[in-house]
2 protein chains.
Amino acid sequence: MRASDKAYQTLLDEIVDGTLPPGTVLAEVEQAARIGVSRTPLREALGHLRKDGLVEPLAGRGLIVTAVSIDDIVELYELRQPLEQQAARLAAQRGNPQVFAQIAKELRGSDALIDSGEVGIKAYYQLNERLDRAIEDSISSAYLVAALKALHLHLARIRRLSRQNVNRLRAAAVETLVIVEAIVNRDPDLAASATHVHLQQSLRNSLETIQTRTIDKVA
Amino acid sequence: MRASDKAYQTLLDEIVDGTLPPGTVLAEVEQAARIGVSRTPLREALGHLRKDGLVEPLAGRGLIVTAVSIDDIVELYELRQPLEQQAARLAAQRGNPQVFAQIAKELRGSDALIDSGEVGIKAYYQLNERLDRAIEDSISSAYLVAALKALHLHLARIRRLSRQNVNRLRAAAVETLVIVEAIVNRDPDLAASATHVHLQQSLRNSLETIQTRTIDKVA
DNA sequence: CTAACCATTAATGTATACAAAGAACCGTGA
DNA sequence: TCACGGTTCTTTGTATACATTAATGGTTAG
């Protein structure tokens, strides 16, 4: 593995999982020493993170980890909505129905997973990741896939901020199942509409959860 | 201006305008010497171009300028459609109607521009760029704007491949006017639909133009 | 006491030297 | 003549030294 890749992956993981919270100053020499690479590959990593929108230059202070406000969540969904609707639409047109039928089958049993504690919930998340992968594999457009990948970076960060409760997960599983079944039945319009509905609910939940947390903080 | 920015801008321009055609090998030392910077900032520039999707690694041969096939054009539009529909929708919701009314006014006179030769056509293109800018300014979502910017990089490249004739430009102006008027009237759905129509026509024209050229080549 | 300017310093930005990995080419053998 | 192996050379990847810029703190003048 190249040193620049190592630096990028390390910083990316730490930003996404919150180890490096928003506002953290990333000084080159400091981070290079910490990660164990020289400044050259570290700079390359920082450049990529800047393109990803995960760090930004702060006048004279170097680079800092970007903030994620409530407005950012809304704005992110204004990109997520059209991208994932299109992705679902194309998957319904081109995807292998058998692949999605299998995922649908597993989704129908996801309630049991969700109710079976931490391990089950993790398995449920992995099922969702498999669905995302299957959709991306069905899309031939490299451009759309790239845009989706960039999007998911930011989504992963937000997911940490607004942790979903079990009720929301169960509801989300039902919504997702509608999408997957539409893909199996090669119904692009339904797949897109179901995605629209799912994301609207998902956004609403995110905002409500954040809201609650903010209130908790104030109290 | 930083040396890395200079290198990035230079290479970007040359790739977009065709000076560096697809398949061109970009060796670091060679390009660094040509542009007049050292390898370090040049590598930074190449890294960004790679993230943009304008260059790609070729096993052992370093980086080459990516190809643009007919399939790529179709795939690019599969990203463009949802992004620009969403952009038009948001602009219709949030844009300043006066700004777009002014653009609409100028669009109504664009036939005269298009018929007045090279200079007029250039002015027409600039009008379109102003429209794009106005739409981006109306969108609050930084994520969507970033995705649009990345998209427009590739579109600029394709525009060179399929040069539009005067008839197409006139038709495009009419289609664009429908979009802009929908924005002025704060009609998001119409703005999105009109964008859908416009891009569909635009794609069709691109493919036909490419097709013709290919036939010419064979003949 | 405050404000402005200079010096110091710590950071980024750049250049270059070095290392490592891979490809091409030449030579030798069958 | 072809195949295989080794060597050389070109390339990318990394480290480090140097340049430059901007911020900070102290000192001095008003």
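Note on naming: letters A, B, ... go to the chains in the order of the sequence lines (proteins, then strands), and numbering restarts at 1 for each one.
- Between Leu63(B) atom CG and dT11(D) atom P there is a gap of 13 Å when expressed in whole angstrom units.
- Side-chain N/O atoms of Thr40(B) include none lying less than 4.0 angstrom from OP1 or OP2 on dT14(C).
- Closest to the Arg39(B) side chain, of the nucleotides dA15(D), dT12(C), dA17(C), is dA17(C).
- DNA chain C lies under 4.0 Å from no heavy atom of any residue of residues 1-15 of chain A.
- For Ile64(A) and dT12(C), the CD1 to C1' distance is 16 Å, given to the nearest whole Å.
- When rounded to the nearest whole Å, the span between CG of Leu42(A) and P of dT14(C) equals 16 Å.
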- Task: Check the pair Val65(A) / Leu54(A) against side chain to side chain contact (heavy atoms under 4.5 Å, CB included), numbers first and verdict last.
- Result: CA-CA 6 Å; Val65(A) 178; Leu54(A) 292 174; over 6 Å; no
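- Looking only at distances, a side-chain donor or acceptor of Asp72(A) sits under 3.5 Å from a matching main-chain atom of Ser69(A).
- Inter-axis angle, ends of the helix from dC1(C)-dG30(D) to dA30(C)-dT1(D), five pairs per end, rounded to 10 degrees: 10°.
- Atom-to-atom, CD of Glu28(A) to C1' of dT12(C) comes out at 6 Å; the value is rounded to the nearest Å.
- We find that Glu75(A) and Arg94(B) are not joined by a salt bridge, their nearest charged nitrogen and carboxylate oxygen being 4.0 Å or further apart.
- Using a 4.0 Å heavy-atom criterion, one finds that Leu46(B) contacts no nucleic acid atom at all.
- Not a single donor-acceptor pair under 3.5 Å links the side chain of Ser110(B) to the backbone N or O of Leu113(B).
- The interatomic distance linking Arg43(A) (CZ) with dT12(C) (P) rounds to 8 Å, in whole Å.
- The CD1-P distance, from Ile35(B) to dT14(C), rounds to 13 Å in whole Å.
- Using a 4.0 Å cut-off between a side-chain N of Lys or Arg and a carboxylate O of Asp or Glu, Glu28(A) and Arg43(A) qualify as a salt bridge.
- Across dA15(C), dA15(D), dT12(D), the shortest atom-to-atom separation from the side chain of Val37(B) is found for dA15(C).
- In this structure, Gln31(B) places its CD atom 12 Å from P of dT11(D), rounding to the nearest Å.
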- Should Gln9(B) and Asp13(B) be marked as a side-chain hydrogen bond (donor to acceptor under 3.5 Å, both in side chains) after you check the CA-CA gap, both sets of side-chain angles, and the distance that decides it? CA-CA 6 Å; Gln9(B) 201 59 50; Asp13(B) 290 344; 3.3 Å; yes
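- With 3.5 Å as the limit, one finds no donor-acceptor pair spanning the side chains of Gln98(A) and Gln102(A).
- A salt bridge links Glu14(A) with Arg34(A); the closest basic N to acidic carboxylate O contact falls under 4.0 Å.
- Computed from coordinates, the Glu30(B) CD to dC9(D) P distance equals 20 Å when rounded to whole Å.
- Distance alone, capped at 3.5 Å, is enough to place a donor-acceptor pair between the Thr66(B) side chain and the Gly53(B) backbone.
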